[in-house]
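Below: the structure, in structure tokens.
Positions are given from 1 along the sequence.
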Amino acid sequence: MSDAGTWAPALSCNPMAGRDDLTSLPDNELMTRLKSAASGEMMLGFEVLVGRYKNSIVSFLFRFVGDFRTAEDLAQETFLRVFKKIQDYNNSAKFSTWLYTIASNLAKDEFKRRSRHPARSLDWKGGQDTTRSVPQVKADTTESVPDVRLEHDEVRQAVNKALDLLEAHDREILVLKDVQGLSYDEIAQILELPMGTVKSRISRARVAFKDVWKQMGA
């Protein structure tokens, strides 16, 4: 596959027309099209997906793992895996659910890595550049960064601190439901849990959050 810096010439004489066409497609239809797309169109389509979801995924991961740089790295790996698994995507499944499942699993792997190597820094690439053909998921320094203008707000900082004090499983399900606004059904699919279990865990997580909030005197 061509490098990210050289795929534009593979398009027709009007690359933006192709981008506009892809932008208008719903997620599932876009994924279907990318399965048989030429490399140039595939890169454009992948950029469309990144543009739609990078802020939500970085926000979710940031509140889950508690570190913005790690969240960015995990988000990059999430989209890299989507890129690699385009052919494996089941078009009957909701794309966002599949995407959050990948991100959630990577975050859990990161917690396992921390428990084994608490002093080591995150290194997803293993010394190699595995993302040279994939549009980079970079943090913006403007208002497109998730909540960038609000992260310094005292209330939001307190919420993030309270979330960080929760058990990982409580934090994950609470962020999915109350921060990201996913449905019970989506969460059940992401966590591979029965609906009743999801509802009870969300209730317990909310109680845990309220207890932490009170202890903080927030």
Side-chain angles (χ1 to χ4, degrees), residues 50 53-85 88 95-128 130-131 134 136-139 145-148 151 156-184 186-195 197-213 215-216 218:
V50 171
Y53 287 102
K54 73 168 185 178
N55 285 354
S56 296
I57 293 299
V58 171
S59 177
F60 163 64
L61 289 167
F62 168 61
R63 287 173 171 82
F64 194 179
V65 302
D67 176 74
F68 194 75
R69 183 179 295 277
T70 301
E72 290 181 298
D73 289 337
L74 292 173
Q76 178 66 49
E77 179 66 14
T78 297
F79 286 106
L80 174 61
R81 294 198 179 189
V82 169
F83 184 78
K84 290 180 175 179
K85 294 179 178 291
D88 299 330
F95 175 77
S96 59
T97 302
W98 185 56
L99 182 65
Y100 273 100
T101 301
I102 295 173
S104 176
N105 288 337
L106 285 172
K108 291 172 184 175
D109 289 343
E110 164 63 6
F111 282 122
K112 292 177 183 177
R113 187 203 64 79
R114 287 180 181 179
S115 66
R116 294 193 301 267
H117 308 288
R120 290 180 58 187
S121 62
L122 183 67
D123 181 10
W124 287 105
K125 299 180 181 179
Q128 297 180 351
T130 60
T131 61
V134 182
Q136 298 293 301
V137 184
K138 295 181 179 178
V145 175
D147 302 324
V148 68
E151 291 298 344
R156 186 168 296 277
Q157 286 187 356
V159 169
N160 289 337
K161 181 178 180 180
L163 286 170
D164 192 51
L165 293 173
L166 295 177
E167 296 290 337
H169 60 274
D170 286 338
R171 180 167 60 251
E172 176 187 32
I173 204 165
L174 207 58
V175 170
L176 287 171
K177 184 71 179 91
D178 292 341
V179 178
Q180 304 301 118
L182 301 188
S183 67
Y184 288 107
E186 288 176 303
I187 296 172
Q189 292 181 57
I190 291 169
L191 301 182
E192 298 182 344
L193 294 172
M195 183 68 71
T197 302
V198 168
K199 291 181 178 180
S200 63
R201 280 184 54 179
I202 289 173
S203 296
R204 289 199 300 269
R206 286 171 174 167
V207 170
F209 180 87
K210 289 179 181 179
D211 289 344
V212 169
W213 191 255
Q215 292 171 14
M216 289 171 53

Does any part of the side chain of [Y], heavy atoms only, come nearer than 4.5 Å to the side chain of [X], both counted from C-beta?
{"X": "I187", "Y": "R201", "value": "no"}
{"X": "Y100", "Y": "I57", "value": "yes"}
{"X": "Y184", "Y": "V198", "value": "yes"}
{"X": "F68", "Y": "V58", "value": "yes"}
{"X": "L191", "Y": "T197", "value": "no"}

Could you state the interatomic distance from [atom1] ([X]) to [atom2] ([Y]), rounded to the nearest 0.5 Å?
{"X": "Q76", "Y": "K54", "atom1": "CD", "atom2": "NZ", "answer": "10.5 Å"}
{"X": "L166", "Y": "R63", "atom1": "CG", "atom2": "CZ", "answer": "13.5 Å"}
{"X": "D67", "Y": "L61", "atom1": "CG", "atom2": "CG", "answer": "11.0 Å"}
{"X": "L80", "Y": "D73", "atom1": "CG", "atom2": "CG", "answer": "12.0 Å"}
{"X": "Q189", "Y": "S183", "atom1": "CD", "atom2": "OG", "answer": "7.5 Å"}
{"X": "I202", "Y": "I173", "atom1": "CD1", "atom2": "CD1", "answer": "4.5 Å"}

Backbone N/O of N160 and side chain of D164: donor-acceptor pair under 3.5 Å: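 Between the backbone of N160 and the side chain of D164 there is no qualifying donor-acceptor contact (under 3.5 Å).
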Can we call the ring centroids of Y53 and F79 under 6.0 Å apart?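 Y53 vs F79: aromatic centres not under 6.0 Å.
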L176 vs F60, test: side chain to side chain contact (heavy atoms under 4.5 Å, CB included). Steps then yes/no. CA-CA 7 Å; L176 287 171; F60 163 64; 3.5 Å; yes
Would you name the heavy atoms of [X] and [Y] that are closest together and state the gap between them?
{"X": "S59", "Y": "Q180", "answer": "OG-OE1, 3.6 Å"}
{"X": "F64", "Y": "S104", "answer": "CE1-O, 4.2 Å"}
{"X": "A71", "Y": "F62", "answer": "CB-N, 3.4 Å"}
{"X": "A107", "Y": "L74", "answer": "CA-CD1, 4.2 Å"}
{"X": "L163", "Y": "R171", "answer": "O-CD, 3.1 Å"}
{"X": "F111", "Y": "V65", "answer": "CZ-CA, 3.9 Å"}

State whether R113 and E110 are salt-bridged, where the test is any N-O pair (Lys NZ or Arg NE/NH1/NH2 against Asp/Glu carboxylate O) under 4.0 Å.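 Here R113 pairs with E110 in a salt bridge, since their nearest N and O are under 4.0 Å apart.
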Could you check D211, D170, D178 and say which one makes a salt bridge (charged side-chain N to carboxylate O under 4.0 Å, His left out) with R206?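 Single pass found, and it is D178.
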With under 30° as parallel and over 60° as perpendicular, where do the rings of F209 and W213 fit, or are they tilted in between?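 Because their plane-to-plane angle is under 30°, the rings of F209 and W213 count as parallel.
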